Each structure stands twice: as C-alpha cells, then as structure tokens.
Asker: 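A single structure is presented below for examination.
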Number of protein chains: 2
Amino acid sequence: MGVTIEDCREKFKSFLIKHNLRMTGQRMAIFEAVFKATSHFTAEELLDSAREIDRTVSRATVYRSLPILVESNLVREVDIGSSTMYYMPNTEEDPHKAQVICSDCQKIFEISAPFLQWYGSSVSSKLGLTPVSQRLQVTAACEELKASGVCTKGNEIFS
Amino acid sequence: MGVTIEDCREKFKSFLIKHNLRMTGQRMAIFEAVFKATSHFTAEELLDSAREIDRTVSRATVYRSLPILVESNLVREVDIGSSTMYYMPNTEEDPHKAQVICSDCQKIFEISAPFLQWYGSSVSSKLGLTPVSQRLQVTAACEELKASGVCTKGNEIFS
DNA sequence: CAGTTATTGAGAACGATTTGAGATTGATGG
DNA sequence: CCATCAATCTCAAATCGTTCTCAATAACTG
C-alpha cells in the first residue's frame, strides 16, 4: 500500500507549520491540483489546474508554492539544472505496480507488474546507467463501465 | 488503435519542455497543421496550412520547427528523390518501446519492450476497459557515462 | 477581538529564446 | 551561364517563462 493523498496532505500541513508558513486556501488548492495530476506538469499547467479548484490562485503564487512543495519532498523537480522547470507529484510509487488510467473518467487503478523493477534495472545497466525509477502507465477507456455505473467520475485510486 | 492527437500534443509539449524549448503559438499552429494533414506534405504546404491556423507563422519558423518535429518522432521525413523534401505525420503507434530518460543529461534512449502492448491490453481487459495506449518510462542516471564522455550534455534520441 | 506578519494578486521587469521579413545560399535544370 | 526555387541565415523586435514589486488582504497569536 503506497502513500495516500491524505498522508501527503498531512505531511504538507506539518511542513507548513514547522516552517512557520501559513495554510492558505491558495496553497491548499495548489496542493490538491498537484495530486490530481497523473503525470508530470509545468507550472503553467498547474496554474490552470489549481484555478479549477480555487479561481483566485495567481501565477505568482504557483511559482512561489512550487519550491515549498519540492522542499517538503512532495513534488519532484524533473529537469534539474535547466531554466525551465518540470514537476511531478512525488508519491514514491511502488516499483512493482503499474497505473491504469481511465481516459474517460480519470479513475486510477493500481495493478501488479512484478517485472517492472527488474525491467528498469536491467535496461538501465544494459545502457551503463544507474537505475532510478520506472513508471508504467496504461491508458484505457471505460465507456461500458460508466454506462453500468461501476466507473463514476472521480479520481480515486483502486487496488 | 492508434495514438491520438492528444497523445501527440502531449508528447510534443513534453519534448519542448525537456529540451528547454518554448511552447509558442507558432509552434503549436505548425503542430496542429501537421496533424490535420491526411498524407505527406512539403514545407511550403505546411506553411500554408499552419497560416490558416495562425496567420503570423513564417516560412523560417516552419523550416525551424520541422527538425524539432522529426527529432521528437512526431513527423517522418520522406525522401522521394526529388529536390523537395516531403514530410508526414508519424501517428504510427510504437507500442513496443520503452523510453529511458537520463536524469542527469535528459538524453532519451528508446528501448525495445516487446511485452508492453500485451501487458496494456491484458490489464485493460482484465478491468473491463478498452486499451488505448501504454507508456513505460525508466529514469536512470548517467554520471559514469558523462565522466567517460559517452553521454554528453545534449538531447539526442538514440535507438 | 485586535495586532502582527506572512501571503496575496496584478502587472512590471527580466534574461533568454524565438520570431518574421527578406537577403542569401546552393542545388537543379534549361 | 543563367533562372528558379527549396532551404538557410541574419538581426532587430516580439514573446516566453519566471521573478520581482508593492499595496492590500488574510492567517495565526494572545
């Protein structure tokens, strides 16, 4: 069982308090937007996403919040060193699970993929690289499930 | 079941960001023009088509964008043998390759992963979903390679 | 409550990249 | 040789992604 969004939210709150930072509506909206993302995103995309939650979030606040999220280890900076930043939620994925994302309703299923870590390591070392992480993401459509009411609009993660 | 234009658009955006290139209106117009094409086209035809989307697109920008689109594997260069180079959108699914991204230098290697499509399909149907696409992304570090000069700062795509 | 202080949004400022217009190159064919 | 035309180059101006400024606002404290 991986880290839940509730765990992350707690971690974020603790971090804010510990660093004497305030828990504002905008920061929480940005947090929620980060963990709604299924993959990497840019600051601009995060702004759009956060504004869907709280219309008052400004670009400046997104750019101010990202370093906090990175600092608290909840978000990973992907393109280190370059002037353009690239982020993704750092949910410390189980290296043996793949995610199946429904392209209709965005529901995420986590599925066992026992070969995943092995494949990442073997391919990396074949290239002379040090393995870091691997992510297997399957996209699939749920029309039928939606029709039957099993797959509702939502973002829960199933196992 | 091909790659959707949305997948391609995401891939293009990712490529631009990863390579520290900006996502300009003109580049996006050229992208859209490419994927509106039903068959092969010349740079000049692409210019006309892109201008229907964004009147400000210039010839120079089309010629500058084509190598980016080819490099990102979204467009294929077709050498007919005439003095004019032809291009076509590359919507061909490559469901059997994984990407290995170096976390140090952002170089991308494309590696065979023959099980990938099978896994996507089988997992999708196990959940009662219709498979759409699958992506396996391995992150690895190249410190040693960089030291040895094999892996230089750069963004080429290797196969 | 009221006081203190962090945080905010709007937009100006920033450096760097990308742009368009047109000049230039360099093949190709007449 | 010259004319044509695809492709590349040039450079000042425009735009991009990001940071900064500052007056107004909103969280915590007691």
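Just so we're clear, the structure is a prediction, and the values are computed from it rather than from any experiment. Chain identifiers are assigned alphabetically (A, B, ...) following the order of the sequence lines, protein sequences preceding nucleic acid strands; residue numbering begins at 1 within each chain.
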Asker: Would you mind classifying the nucleic acid contact of B:T42 as base, sugar-phosphate or nothing, using non-hydrogen atoms under 4.0 angstrom?
Answerer: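 No contact at all - B:T42 keeps every heavy atom at 4.0 Å or more from the nucleic acid.
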Asker: Indicate, with yes or no, if A:F15 and A:M28 share a hydrophobic cluster defined by side-chain heavy-atom contacts under 4.5 Å among Ile, Leu, Val, Met, Phe, Trp and Tyr.
Answerer: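 Yes.
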Asker: With rounding to the nearest 0.5 angstrom, report the CD to CZ distance, A:Q99 to A:F109.
Answerer: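 Rounded to the nearest 0.5 Å, the CD-CZ separation comes out at 12.5 Å.
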Asker: From C-beta outward on B:A43, which listed nucleotide comes closest to its side chain: D:dA7, C:dA10, C:dT19?
Answerer: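 Between D:dA7, C:dA10, C:dT19, the one nearest the side chain of B:A43 would be D:dA7.
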Asker: Could you check whether B:E44 gets within reach of a base, just the sugar-phosphate, or nothing at all, counting any heavy atom under 4.0 Å?
Answerer: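 B:E44: no heavy atom of the nucleic acid under 4.0 Å.
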Asker: C:dT19, OP1 or OP2 - any side-chain N/O from B:T24 closer than 4.0 Å?
Answerer: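 Indeed, a polar side-chain atom of B:T24 lies that close.
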Asker: Take atom CE of B:M28 and atom C1' of D:dC16, then tell me their distance rounded to the nearest Å.
Answerer: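 Checked: the CE to C1' distance equals 14 Å.
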Asker: CG of A:L21 versus P of D:dA26: gap in Å, rounded?
Answerer: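 After rounding, the gap between these two atoms is 19 Å.
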Asker: Round to the nearest Å and state the distance from A:R27 atom CZ to D:dA26 atom P.
Answerer: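 Nearest whole value for this atom pair: 15 Å.
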Asker: Look at the side chain of A:R135 and the backbone N and O of B:L136, then say whether any donor-acceptor pair between them is shorter than 3.5 Å.
Answerer: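 Between the backbone of B:L136 and the side chain of A:R135 there is no qualifying donor-acceptor contact (under 3.5 Å).
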Asker: Do any side-chain nitrogens or oxygens of B:R22 fall under 4.0 Å of OP1 or OP2 in D:dT15?
Answerer: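 Answer no for this pair, as no side-chain N or O of B:R22 is under 4.0 Å from OP1 or OP2.
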Asker: Between atom CZ in B:R55 and atom C1' in C:dA21, what is the gap in whole Å?
Answerer: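 Whole-Å distance recorded here is 16 Å.
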Asker: Decide yes or no, distance alone: a donor-acceptor N/O pair under 3.5 angstrom between the base of D:dT10 and the side-chain of B:R64.
Answerer: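 Yes.
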Asker: In whole angstroms, how far is the P atom of D:dC28 from the NZ atom of A:K18?
Answerer: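 Those two atoms, NZ and P, are 17 Å apart.
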Asker: Looking only at side-chain N and O atoms, does A:Y63 come under 4.0 Å of OP1 or OP2 in D:dT19?
Answerer: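 No, because none of the side-chain N or O atoms of A:Y63 sits under 4.0 Å from OP1 or OP2 of D:dT19.
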